[in-house]
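To start, the structure under review is shown below, and the notes come after it.
Every heavy atom of this structure was used, including side-chain atoms; hydrogens, water molecules and symmetry mates were not. We count ligands from 1, going down the list as the structure has it; atoms in each ligand are counted the same way. Along the sequence shown, the residues carry numbers beginning at 1.
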Amino acid sequence: MILRKSPEEIEKMADAGRVLARCLTMLSGKARVGVTTEELDLAAERFIRSQGGEPAFKGYRGFPGSICASPNSMVVHGIPGPYKLSRGDILSLDVGVILDGWVADAAITVPIGNVTAVAGRLLATTRDALFDAVEQCRPGNRLGDVSAAVQRRVEADGFSVIRALVGHGIGRQMHEDPQIPNFGEPGTGPELAEGMVLAVEPMVNAGTHGIRVAEDNWSVYSQDGSLAAHFEHTVAITGDGPRILTPWHLDEALRPARARASAPQPA
Ligand code: MG
């Protein structure tokens with residue numbers, strides 16, 4: 001069953017989302033050559049607690065970190081540790097915040113210094129796929145419209161949607177119904193309605209769609225070793241359309257640029 005939230009409850013989630021967005025924006029500035037993922041984890045936890053929140057991932061099914069930090073061919077669920085960022089890495093940062101009993105969940109993937117052209121395109125495509133999907137989060141649309149929007153963008157750009165990992169509803173619990181695959185048929189699935197809140201999260205491999213889980217039972221890698229990217233927003237469905245509750249902002253230098261000259265630019 002998909003739980004619907006009242007406008008007051010959505011405001012509570014937006015409060016959690018604001019803390020989370022500021023945390024991710026802060027982390028994107030700190031993710032530099034020579035910094036370890038453990039240092040980012042500590043900075044995130046300190047910031048979230050300073051705002052009266054709790055890191056939602058810490059202790060979740062025994063997860064040891066406050067954030068997930070997943071470099072290069074690691075897709076998601078990376079445990080922060082001694083890994084030191086190098087020039088040319090891409091790093092997925094996934095953060096959850098609980099504030100006043102409500103959860104928000106969001107992720108970005110950032111380049112560390114100059115990255116390869118393929119890595120740059122992968123980041124741009126995955127981020128654009130997220131915003132294409134957010135655009136579909138409107139009353140009267142179907143869940144399949146959200147899923148299909150991701151798939152369309154990713155496959156048009158020659159990359160692969162990961163099929164074994166999905167987005168999710170979110171509210172008092174981090175994972176609520178429905179599951180949100182990043183592939184599907186438009187016009188199918190449950191109808192979206194005002195008050196639903198979705199964590200929409202394209203996870204994309206540069207190569208084929210397969211994944212494998214590492215021996216730590218957390219870290220998920222692309223099976224073929226290709227680079228992987230992940231962007232996520234918590235989005236409320238309102239009468240006015242989608243409302244992003246986790247409005248992270250990326251520094252100009254970190255913003256992935258689209259490679260296709262034909263892509264229309266918003267004025
Ligand atoms: Mg999520």
Side-chain angles (χ1 to χ4, degrees), residues 2-3 5 10 13-14 16-21 23-25 27-28 40-41 44 48 53-70 74-80 91-99 101-110 126-127 129-134 136-137 143 146-147 149-151 154 161-184 192 196-205 211 213 218-221 228-237 242-248:
I2 306 178
L3 298 172
K5 283 80 183 176
I10 288 174
M13 294 188 73
R18 256 188 299 274
V19 172
L20 171 36
C23 182
L24 274 179
T25 304
L27 291 178
S28 72
L40 298 176
D41 186 65
I48 292 166
E54 275 174 66
F57 299 170
K58 191 148 199 168
Y60 182 85
R61 296 186 180 165
F63 188 78
S66 290
I67 66 172
C68 298
S70 310
M74 202 191 286
V75 186
V76 286
H77 302 167
I79 298 172
L91 177 68
S92 162
L93 295 161
D94 191 354
V95 180
V97 169
I98 306 171
L99 189 71
W102 293 92
V103 191
D105 189 5
I108 54 177
T109 305
V110 293
T126 309
R127 187 204 50 172
L130 169 60
F131 287 105
D132 287 356
V134 167
Q136 295 299 320
C137 294
L143 193 63
V146 178
S147 302
V150 174
Q151 184 178 17
V154 169
V161 157
I162 292 166
R163 291 170 177 250
L165 298 167
V166 295
H168 48 94
I170 184 166
R172 286 197 178 276
Q173 302 297 323
M174 185 156 63
H175 295 135
E176 296 184 354
D177 284 342
Q179 293 198 344
I180 311 172
N182 289 306
F183 63 98
L192 303 180
M196 292 179 180
V197 184
L198 306 177
V200 179
E201 49 181 324
M203 288 162 273
V204 177
N205 285 343
I211 54 169
V213 179
W218 280 108
S219 317
V220 176
Y221 289 86
H230 177 210
F231 284 84
E232 177 178 21
H233 269 311
T234 295
V235 185
I237 296 171
R243 176 176 171 197
I244 291 173
L245 302 182
T246 47
W248 42 255

- Would you say the side chain of Thr109 lies within less than 4.5 Å of the side chain of His230, judging by non-hydrogen atoms? yes
- Side-chain heavy atoms of Ile48 within contact of Ser66, under 4.5 Å: no
- For the Mg ion (ligand 1), what is the closest N, O or S atom on Glu201? OE2
- Query: Which single N/O/S atom of Glu232 lies at minimum distance from the Mg ion (ligand 1)?
  - Reply: OE2
- Query: Is any N, O or S atom of His175 under 2.8 Å away from the Mg ion (ligand 1)?
  - Reply: no
- Message: Between Asp94 and the Mg ion (ligand 1), is there a contact where an N/O/S atom of the residue lies under 2.8 Å from the metal?
- Response: no
Donor-acceptor under 3.5 Å ([X] side chain, [Y] main chain):
X      : Y      : result
Asp41  : Ile67  : yes
His233 : Thr246 : yes
Asn182 : Glu201 : yes

- Note on the structure: Asp105 OD2 to His168 NE2 via the Mg ion (ligand 1), rounded to 10°, gives 90°
